[in-house]
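Heads up, the thing below is written out as structure tokens.
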Amino acid sequence: MKKPIILLSALLAVPALATTPISGMVASKCIVTTDTDGVYGNPSATKLSTASSDGGVLPIIRYDIITASAYNAKITTPMSFSSSPSLGSETVTWTGSTVANQMSDAGMSVFNTNKVVYNNTSEFPLTIAGSVWFDVSSVATYGYNKAFPAGSYSAVVTAECIAQ
């Protein structure tokens, strides 16, 4: 008779158990903002360009780098229109480039030296804290000696801060 009572009291002596969550939030130490919206100029019937010499306005993107050597700037130039008149079966040839132009620290000129370019994307290691403004150029050429149809055209530059 004593054995069942001992076993029952051992089962009732199980310690309490709790699972306690831990949560947190990481804020980026790199901030990306649009400083200047781009505008396509139309210097010829077959070309749209953001170059000022073509009547356009370069998009300018500002990066505020709070923690150096923790992020890469990844900027992708357009490869299609986000909206446009119907372009039929003609192809549009795209070219673009991105350059660090204005900088809060002269040492940031190394961003251009160390950039990696692939497809229509430029990646810049952000190795110095401060602010840098990137100029983005975009050129769209329509067909072979084919005029762009009249209408409104827009495209999008994508700018990201990628943690290293």
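If you're wondering where the values come from, they're calculated on a predicted model, not measured in any experiment. Worth knowing before you read on, the calculation uses all heavy atoms, side chains too, and leaves out hydrogens, waters and symmetry mates.
- In plain terms, the two heavy atoms of Gly130 and Ser104 that are nearest each other are CA-OG, 3.4 Å.
- Ala140 approaches Val92 most closely through the heavy-atom pair CB-CG1, 3.7 Å.
- Residues Val32 and Glu160 come closest through the heavy atom pair CG2-C, 4.3 Å.
- Closest of all the heavy-atom pairs between Ile128 and Ile65 is O-CD1, 3.6 Å.
- The shortest distance between side-chain heavy atoms of Thr33 and Ile61 does not fall below 4.5 Å.
- Put simply, the side chain of Ser84 never gets that close to the backbone of Phe81: no donor and acceptor are under 3.5 Å apart.
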Stepwise side chain to side chain contact (heavy atoms under 4.5 Å, CB included) check, Asn112 with Met103: CA-CA 11 Å; Asn112 288 320; Met103 303 155 201; 4.2 Å; yes
From CA spacing to verdict: side chain to side chain contact (heavy atoms under 4.5 Å, CB included), Trp133, Asn101: CA-CA 6 Å; Trp133 290 260; Asn101 189 12; 5.6 Å; no
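- Residues Ile31 and Ile66 form a side-chain contact, since some pair of their non-hydrogen atoms from C-beta on lies under 4.5 Å apart.
- From Glu123, atom CD reaches atom OG1 of Thr76 across 8.0 Å, with rounding to the nearest 0.5 Å.
- Leu48 and Met79 end up in the same hydrophobic cluster when Ile, Leu, Val, Met, Phe, Trp and Tyr side chains are linked at under 4.5 Å.
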Residues Ile75, Thr121; criterion side chain to side chain contact (heavy atoms under 4.5 Å, CB included); working and verdict: CA-CA 6 Å; Ile75 302 173; Thr121 299; over 6 Å; no
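- Taken together through direct or relayed side-chain contacts under 4.5 Å among Ile, Leu, Val, Met, Phe, Trp and Tyr, Tyr142 and Val139 form parts of separate hydrophobic clusters.
- At distances below 3.5 Å, at least one donor-acceptor pair connects side-chain atoms of Asn42 with backbone N or O atoms of Lys47.
- Closest of all the heavy-atom pairs between Thr77 and Ser97 is CG2-N, 4.0 Å.
- Remark: side-chain polar atoms of Ser28 are paired, donor with acceptor, to backbone N or O of Cys30 under 3.5 angstrom.
- The closest side-chain donor-acceptor pair between Asp64 and Ser131 falls under 3.5 angstrom.
- Atoms CG and CG, from Asn114 and Leu126 in turn, are 11.0 Å apart once rounded to the nearest 0.5 Å.
- The shortest distance between side-chain heavy atoms of Val136 and Ile60 does not fall below 4.5 Å.
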Donor-acceptor contacts, no H, no angles, side chain residues 148-158, under 3.5 Å, sequence neighbours left out:
| unit_1 | atom_1 | unit_2 | atom_2 | d |
| --- | --- | --- | --- | --- |
| Tyr153 | OH | Pro149 | O | 2.6 |
| Ser154 | OG | Ser82 | OG | 3.3 |
| Ser154 | OG | Ser83 | OG | 2.6 |

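- Contact between Pro78 and Trp94 at its shortest, heavy atoms only, is O-CE3, 3.5 Å.
- Under the 3.5 Å distance criterion, with hydrogens and angles disregarded, no donor-acceptor pair is assigned to the side chains of Ser138 and Thr50.
- To the nearest 0.5 angstrom, Asn145 atom CG is 9.0 Å from Ser44 atom OG.
- Side-chain atoms of Asp105 come within 3.5 Å of backbone atoms of Gly107 as a donor-acceptor pair (strictly under, hydrogens ignored).
- Using modelled atom types, one side-chain atom of Lys115 and one backbone atom of Thr98 make a donor-acceptor pair closer than 3.5 Å.
- For the ring-ring contact (aromatic ring centres under 6.0 Å, His included) condition, the pairs that include at least one residue of residues 22-76, sequence neighbours left out, are Tyr63-Phe134.
- Both Val132 and Val110 sit in one connected hydrophobic cluster of ILVMFWY residues. Membership requires side-chain heavy atoms under 4.5 Å apart, directly or through other members.
- Between the CD atom of Gln102 and the CG atom of Asp135 there is a distance of 7.0 Å, given to the nearest 0.5 Å.
- Taking Ile, Leu, Val, Met, Phe, Trp and Tyr as members and joining any whose side-chain heavy atoms lie under 4.5 Å apart, directly or through other members, the hydrophobic cluster of Val116 also contains Tyr118.
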